[in-house]
Every structure is written in C-alpha cells, then in structure tokens.
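Worksheet for the structure shown next.
Reckoned from all heavy atoms, side chains included, excluding hydrogens, waters and symmetry mates. First the proteins, then the strands, lettered A, B, ... as listed; each starts at 1.
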There are 2 protein chains.
Amino acid sequence: MINRNKLKTGGDRVSELTAGRLAVYLRCLNLLDTDGTKTVSSKVLAEQFHLNAAQIRKDLAYFGEFGVRGVGYYIKELKSHLRQILGLDRKVHVAIFGAGNLGMALADYPGFRQEGFVIVGLFDTAHSKVGHRSRGGVRIFDLADFRKMARKERISIAVLAVPAAAAQGVVNMVVGCGVRAIMNFSPGSLKVPSGVKLKNVDVTVSMASLSFFLTQGNTDG
Amino acid sequence: MINRNKLKTGGDRVSELTAGRLAVYLRCLNLLDTDGTKTVSSKVLAEQFHLNAAQIRKDLAYFGEFGVRGVGYYIKELKSHLRQILGLDRKVHVAIFGAGNLGMALADYPGFRQEGFVIVGLFDTAHSKVGHRSRGGVRIFDLADFRKMARKERISIAVLAVPAAAAQGVVNMVVGCGVRAIMNFSPGSLKVPSGVKLKNVDVTVSMASLSFFLTQGNTDG
DNA sequence: TTTTGTGAACTAGTTCACAGCT
DNA sequence: AGCTGTGAACTAGTTCACAAAA
C-alpha cells in the first residue's frame, strides 16, 4: 500500500468538466451501493452509466490511488473519498435569492437536501413575501438581512433566481459578504472578482441550442 | 458581395459549445438593438460581454459571411440570421412534463416566451392536477393525452421535470410520439435513440461542482 | 488473470496573427 | 484605417494501450 491519501488539493487545477463528472460518479456509486454492490470496476461503471472507463480512472487517480488492481474500487470507500473531494462530507449552507416561482421551486427541490446541502433561506426585496415560507417550509427573509445572516449562518453558496436586471447587484452584495460560489439562473453574463466561482445555468440558452439542433438536423422544412 | 447565404446546414457538425454561444450572441445583439445601436464589431461585442473576438468571428463565419470588413456586423441583419440559424424565426412548441414546483415554475418562466417558445401545456399523471392551470395560465393535461396532442400541436421540444424514476419512461413515450429534442431537469443519465438530442440540466451536479471548487480553493479548513 | 494508473497518441476547442476586402 | 474571415499555432480534453500491482 503506497500512495494512499495523496489528496492533491491546490494542485494542477481541475477543470469544470472533471468536477461535474466526479459528482456524477458519486451519484452512480450511491445507486450501486443501494443495490448492495460492494465493489465496481471502471469498466462496469462505464458500461452501466455510459461513461468512459479510462476517463473514470484518470479522474479518480488524480486525487489518490483509490482502486485495487485486479478488483476495482470498493464502493463505500470510494463514495467517502468522493464526498470529501467534493466537500460534501460536511453540511453546505445555501441561500437562494429571489422568492419567485423558480426560487421557491429550487428551495423545495428534494435533490439538494439529499447531498448534504442545507437551504438556509430565501431572500427577496418584496415586503409582501418576507416572513412567509415556501410550501416546503423554507423561510423568506428580507434581502437587506442577508448581510448579518451570511457569516452567522456560514452561507457558502448563493443561488440566484432574480430578474436579470437585479442579478449583478445581488452578486456584488453577496461577494461583499464573503460568498465565494454562485449559481446563476438568470440570463445574461455577470462579473465576479477572481477567487469567486460563478456557474451559469441558462435555460434560455439551452433551449435555443436544442432548437438549433432540431433545425440543423432537418434538411426538409 | 460574394458568398451571402452560404448557410451550411448539414455540414461539418457544430458543437454544443458553439450552439450555446450562438444563442448568447443573439441575446447580446438584442440588448444592443434595444439601445439603438446599428452596427457592432466582433471586438466591441467581445469586450462588452467578456467573450473572445476571434471566436465570435469564427462561429459566425461558419454559417455565412455576415460581416462587412472595416465596419463590423449590422445588428438587425445579424439578429435575423442568428434567429434563422437557431430556428427561432418560427414559433417553437414546447411541452413540459411534471406539474410539480419546478415544472410549474418553468411553464411560467418569462424567458421562454421572449424568444419564440410557446409552452403548449404541462403534462402530469396526477388526476388531482389535470384540468387546472399554472399561475401563469398554462393548462395541465393528463400525460396519457400527450400522444394525441403531440402531432396536432406540433410539439418539438419536451422539457422533463419529473422524478428521476419516471424520467426514462417519459423519454420513451415522447420519442415514440416523434419528439426529437429533450431538455432534462431530473438527475441521472437517460438513454435516447440516435437522432434525438438530449440536454441535461443537472442542478445537483452543478451544485456539487461549486462545492468542489470551494473545497479546493481553501488550503486551510 | 483482472484491473488499475498513466504516458503517449489523438481529438476537439480556442486563440493568434495576418492577408485581403471595404 | 478598420475589421472580417481564416489558416496556423496552441491549449485543453479524451481515449488508447500497456506496464505494474494484486
């Protein structure tokens, strides 16, 4: 047993693509674990979830020697490594900005709770909404109260579900409060200082890109 | 005036990245057009929206010679070209599957309506929901009625906001009804036959990937 | 034997840099 | 002079293929 717990941390820089795949691997492992499977090889994992075996190995090997030659990976062990790598071994506190339809839907989205995310609250400027709760019970706070709550509640991720025109203002505010990761659902590109990670989820762009492929695929009308 | 209306259509195959950028360019042009700007150079467009000028030119040049040397691009003209390339010069009919929080929020999302998308309806299996409408007025239909509505309503895009366990079933059904583009919001990877375009929007993965970057960025605890 | 971990080969995507048009 | 369109150079990402370990 040589190189266990290599755990490169600040290293060469891992791409967004790799980070996303690590999350996907974790989900696949969760499924296999629920089925009672004990070990899995990169080949089987790849076949079952339509991934590439070499890529799985390379992605994992970057963080340590988690596999056993001739056997594969011990699922429970690898899950725990992945959770640590992804920072999901502790509770991750999340604030959602904008208590409109989308913000409320996200607040109650069961997928978040499953992987260790804690939705601390919804934040909005509309006085009529403040003090109420989402159907799932997430409280709606005044946006102005975020500043004092941010540190106390240890908010590490901000989710933006506000109108495009308000988005940059909210970004500036949350960055000022020490938030270093933002997931943006509003259209249009935002500026963040370096050291802050911004992830855009732009449904309009995704939709237009689907329409593009439909259009390109058809040679007829 | 040489090569106008090159309009490569089945050509070399354009990547997903390019398709997304085309949609972004269109949005930027819309903004400039609203401001009353008449022409724009790739350089100015790039600076204003933090893009790369050479990439803009290359992306556009692939579809035709839309620019004028020494001048740039005529905004209205380029907008119209991009709309045609993206298939947004006609109404695109969309069906949303799953009338839960997320499906309802998507149905009422103003961004869709803006770019020529028409939300034909929400489809769900829950009898208690069928016959009702979203707050924005989108009707909820029985999932079983999709088969007969699909062709008549010319549905070309299916949006999936159903639980993971139900997703593959819905995919199979809509593909059987002739739908060739699917936007999937549920977690887990789905299988589609070749010729069908699937776009995954996996918020859990995006969130985990943010958490990853937070974890990697901090050398301390 | 099986399967990992990994250099090398390959493929895709981006940016540079400049000839050529307006 | 200014800006496009594009080959060439470069960078990033993926897959292959195999030596080494269990």
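Here C/dG7 is the nucleotide among C/dT15, D/dT4, C/dG7 with the atom lying nearest to any side-chain atom of A/Lys58. Of the candidates C/dG13, D/dG7, C/dT14, the closest approach to any side-chain atom of B/Gln55 belongs to C/dT14. Listed candidates were D/dA17, D/dA20, D/dT6. Nearest to the side chain of A/Arg57 is D/dA17. The side chain of A/Tyr73 sits closest to C/dT4 out of C/dT22, C/dT6, C/dT4. With distances taken from any side-chain atom of B/Leu17 to the nucleotides C/dT3, C/dT14, C/dT22, the minimum falls on C/dT14.
One atom, CZ of B/Arg69, and another, C1' of C/dC21, lie 5 Å apart when rounded to the nearest Å. To the nearest angstrom, C1' of D/dC3 lies 14 Å from CG of B/Leu78. Taking atom OH of A/Tyr62 as the reference point, atom P of D/dG13 lies 12 Å away to the nearest angstrom. Taking atom CG of residue B/Leu51 and atom P of nucleotide C/dT14, one finds them 12 Å apart after rounding to whole Å. Atom CD of A/Glu65 and atom P of D/dA20 are 14 Å apart (whole Å). Note: CZ (A/Arg21) to C1' (D/dG13) measures 8 Å, nearest angstrom. Nucleotide D/dT6 holds its P atom 12 Å from the CZ atom of B/Phe66, rounded to whole Å. Residue B/Arg13 contributes atom CZ, which lies 19 Å from atom P of C/dT11 at whole-angstrom precision.
Ring pair B/Phe63/A/Phe212 is perpendicular by interplanar angle, where above 60° counts as perpendicular and below 30° as parallel. The aromatic rings of B/Phe66 and B/His81 lie parallel to each other, their planes meeting at an angle below 30°, with 60° marking the opposite boundary.
Using a distance-only test at 3.5 Å, with no hydrogens or angles considered, no donor-acceptor pair links the side chain of B/Gln84 to the main chain of B/Asp89. Side chain of B/Asn52 to backbone of B/Ala54: a donor-acceptor contact under 3.5 angstrom is found.
Between the side chains of A/Gln55 and A/Asp59, no donor N or O sits under 3.5 Å from an acceptor N or O.
Residue order along DNA chain D, read from the 5' end via each residue's closest nucleotide, puts A/Glu16 first among A/Gly70 and A/Glu16. The residue among B/Asp59 and A/Asn52 whose nearest nucleotide of DNA chain D lies closer to the 5′ end is B/Asp59.
Of all the residues in residues 30-44 of chain A, A/Ser41, A/Ser42 reach under 4.0 Å from DNA chain C with at least one non-hydrogen atom.
Contacts of A/Thr18 with the nucleic acid, taken as non-hydrogen atoms under 4.0 Å apart, are absent.
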Quiz item: Under the side chain to side chain contact (heavy atoms under 4.5 Å, CB included) criterion, do A/Phe185 and A/Leu106 qualify, and how do the steps go?
Solution: CA-CA 10 Å; A/Phe185 283 88; A/Leu106 290 169; 3.6 Å; yes
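Between A/Arg27 and A/Glu115, no side-chain nitrogen of the basic residue sits less than 4.0 Å from a carboxylate oxygen of the acidic one, so the salt-bridge criterion is not met.
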